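Keep in mind that what you see is a predicted model, and the values were worked out from it rather than measured. Just so it is clear: chains get the letters A, B, ... in the order the sequence lines come, proteins before strands, and each one is counted from 1.
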Amino acid sequence: MDRIPRIPLAEWTDTFIVYLQNNFGSSTQAFADGLEGFIKGLQGILIEAPAELIIIVLVLLAWRLAGKKVAVFTMLGLFFIYNLGLWAVTMETIAMVISAVLLCMLIGIPLGILGAKSQTAHRIIMPILDFMQTLPAFVYLLPAIPFFGLGVVPGVITTIIFAMPPVIRLTDLGLKQVPEELIELGKSFGSTFWQMLVKIELPLARSTMLAGINQCIMLSLSMVVIASMIGAKGLGGIVWRAIQTLNMGAGFEAGVAIVIIAIILDRITQNLGSSKKGKESI
Amino acid sequence: MIEVKNLTKIYGHNTEAALEMLKKGASNQEIKDKTKQVVGVRNASFTVENGETFVIMGLSGSGKSTLLRCINRLIKASAGQIIIDGVDVLSMSPKELEELRKRKMSMVFQRFALLPHRNILDNVAYGLEVQGVKKEARQAKAREVIQMVGLSGWEESYPENLSGGMQQRVGIARALATDPDILLMDEPFSALDPLIRQDMQEELINIQEKLQKTIIFITHDLDEALKIGDHIALMKDGEIVQIGSPEDILLSPASDYVARFVENVNRSLALTAASVMIRPRYVVHPKDGPRTALNFMEKHGLSTLFVLDRFGKLRGYISAEDASELASRGIKDLADIIQDDMPTANPETPLADLLDVMAYTKVPIAVIDEEGRLQGTLVRGSVIAGLAGGRGESING
Ligand SMILES: Nc1ncnc2c1ncn2[C@@H]1O[C@H](COP(=O)(O)OP(=O)(O)OP(=O)(O)O)[C@@H](O)[C@H]1O
Ligand SMILES: [Mg+2]
């Protein structure tokens, strides 16, 4: 075994990244600038907006989608975060999560549709997703730096890579679960490809897809926190600094805030899939 | 009109070899063993006239659904032709096919296939929506057909809140909403309870009387086939083994397979008065006089006798007692004792409708045509023979 020379995977990777950087650096730069503008804008809005307004909106949303208990928890939780003086950093984190999730949907849903419609696409996409999900996050946190530098953009991009797989997978799954008879129904009335997709398949895949988006949100939140190591700031930034300075108290406070946000986001989005029921019983 | 000629469907990726074998007459099993391909339909040919209900029946796996789906090309046939109003469906471009499905034909499904995220109104309007009809127009049309199937008031409900029978009414309404010439129905009533099922059969017959669509209807229930079919095709192992009217199938099954199928059926549904009546051999004319009539009756052991006029029209009947009384009084003309309260039927009257009458009448049932001429009589013996499956023998009694 030892006689086989060591395969220089690390060197190859480095070379590959340098190659990418030299050849696609300028276009990634333009993309990074655009993304940065969007995230910073969103962060600005959320931080500048009166905290009361955001709390009211989220509480109403929680009430409508997840019931009274979750609404009460949302109100108390957000008030607690505000009280700890973590409001602005929390908004930074939420803005990053929103940006990452929107991009995951924008890219992931079409890929999921492609995977469901084409066997070939399916066979290409699925192994890549396995790879993305099992590769430790820290490993691709690093290559993001040469491309996008330090800060919020590489943070969000690694988050997207980390959180997108469930969106693709569950879109693919949801579309494949549409009963054969309903597909036949659509065809038998002469529906076009898009009519099938929009009027039959996507509505029927909706709850499965929303489960994927819920997972995506939770993964985004956890990754956004880790991404603070490459300068993404937000709540994760406080935890990261607390670790470095062994400031247990501050770290714990930020940790609690993350848990609160996680619970709120999870409970609200978990029920998106079944919110249709409410409409029907009217 | 739909003409299907030598239609064959072979499932699998390597149909060439299988087709060759099939042409040389290899059985489905041989083809499967040799080529791993599954034969769905073998050389099916039939014609469906405009406005008729054509029933395809056969056991599970006999290829009914495959055949039906070849017609709107949800399944692409391997060989043969399907000619609808002069155009071969198999040679249509995707666009032409889409048009055909949009306007000419629609389908009704066994498990209803309603869209759970749409209310009844929007489910029914689906076909029109696909055609690009404006919202108001399509909803107006949808309301109209919803009313036709008796579901007014349910427009805003969702499928999950409807019973099975109601859901299939929605399925039928949806199929009718686009005003297609052709309805393809794949076991539309199989998932329903027997009583609901009968209601739906009646309903379909009513709708069909009004609209005169060309319907291809699949079932594995012979009673259902006999009730609603103008013609019935029986399938076995992908092949059509017999095509005929309900009576043809019942009275002269082409093979043991069909005969066995037919054995358990409620024959009264399919048999008509004409198929079990006896030729009216013993009749008298008013001028014949009571003596002649009595002679006749004695000779043949009859207690009543039908009386016809010169043109063969039924005047009524006389009883033996009345005739002998008349004879003893020396009157020659039968006119005074003719009674006309005998039960009558058309040649087309289903036997099912006559069984009640049969049970209490003392006089045979007179089968008369539109002009009132006597065509035949129904007596208990021949009816029972017909019901018991005496096939054919009883026709001429
Ligand atoms: N997609 C398919 N691939 C391979 N074989 C198939 C396929 N669909 C049907 N078959 C086979 O073709 C034959 C005919 O099937 P089909 O569904 O047309 O029967 P059917 O008469 O409609 O039966 P049922 O009463 O159960 O609905 C069966 O042997 C079946 O196994
Ligand atoms: Mg079938």
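For NZ of Lys213(B), the number of neighbouring non-hydrogen atoms (other residues, nucleotides, ligands) closer than 6.0 Å is greater than 12. In this structure, Glu96(B) places its CD atom where more than 12 heavy-atom neighbours from other residues, nucleotides or ligands lie under 6.0 Å away. For CZ of Phe131(A), the number of neighbouring non-hydrogen atoms (other residues, nucleotides, ligands) closer than 6.0 Å is 12 at most. Heavy atoms of other residues, nucleotides or ligands lying less than 6.0 angstrom from CD of Gln147(B) number 12 at most. Heavy-atom neighbours of Tyr11(B) OH from other residues, nucleotides or ligands within 6.0 Å: above the threshold of 12.
With hydrogens and angles ignored, the 3.5 Å screen pairs no side-chain donor or acceptor of His117(B) with any backbone N or O of Ile200(A).
Closest approach of Gly190(A) to Val130(B), counting heavy atoms only: O-CG1, 3.7 Å. Closest approach of Phe189(A) and Gly127(B) over heavy atoms only: CD2-CA, 3.6 Å.
No part of Leu97(B) comes within reach of chain A, as not one of its non-hydrogen atoms sits under 4.5 angstrom from that chain. Residue contact with chain A, scored on non-hydrogen atoms closer than 4.5 Å, is absent for Ser157(B). Proximity to chain A is limited to the backbone of Phe112(B), based on heavy atoms less than 4.5 angstrom apart. Proximity to chain A is limited to the side chain of Arg69(B), based on heavy atoms less than 4.5 angstrom apart.
Among residues at least two apart or in separate chains, there is no ring-ring contact (aromatic ring centres under 6.0 Å, His included) pair with a member in residues 162-181 of chain A.
The residue among Glu99(B), Glu129(B), Arg73(B) with the most heavy atom pairs within less than 4.5 Å of chain A is Glu129(B). Taking Met107(B), Arg111(B), Gln131(B) one by one and counting their heavy-atom pairs under 4.5 Å with chain A, the maximum is reached by Arg111(B).
Residues of residues 171-185 of chain A lying under 4.5 angstrom from chain B, judged on non-hydrogen atoms, are Glu181(A), Leu182(A), Glu184(A), Leu185(A) in numerical order. Chain A is approached within less than 4.5 Å, heavy atom to heavy atom, by Arg174(B), Ala175(B) from residues 167-176 of chain B, ordered by number.
Atoms CD and OG, on Glu98(B) and Ser191(A) in that order, are 8.0 Å from each other to the nearest 0.5 Å.
Partners of Ile45(A) by side chain to side chain contact (heavy atoms under 4.5 Å, CB included), not counting sequence neighbours: none found.
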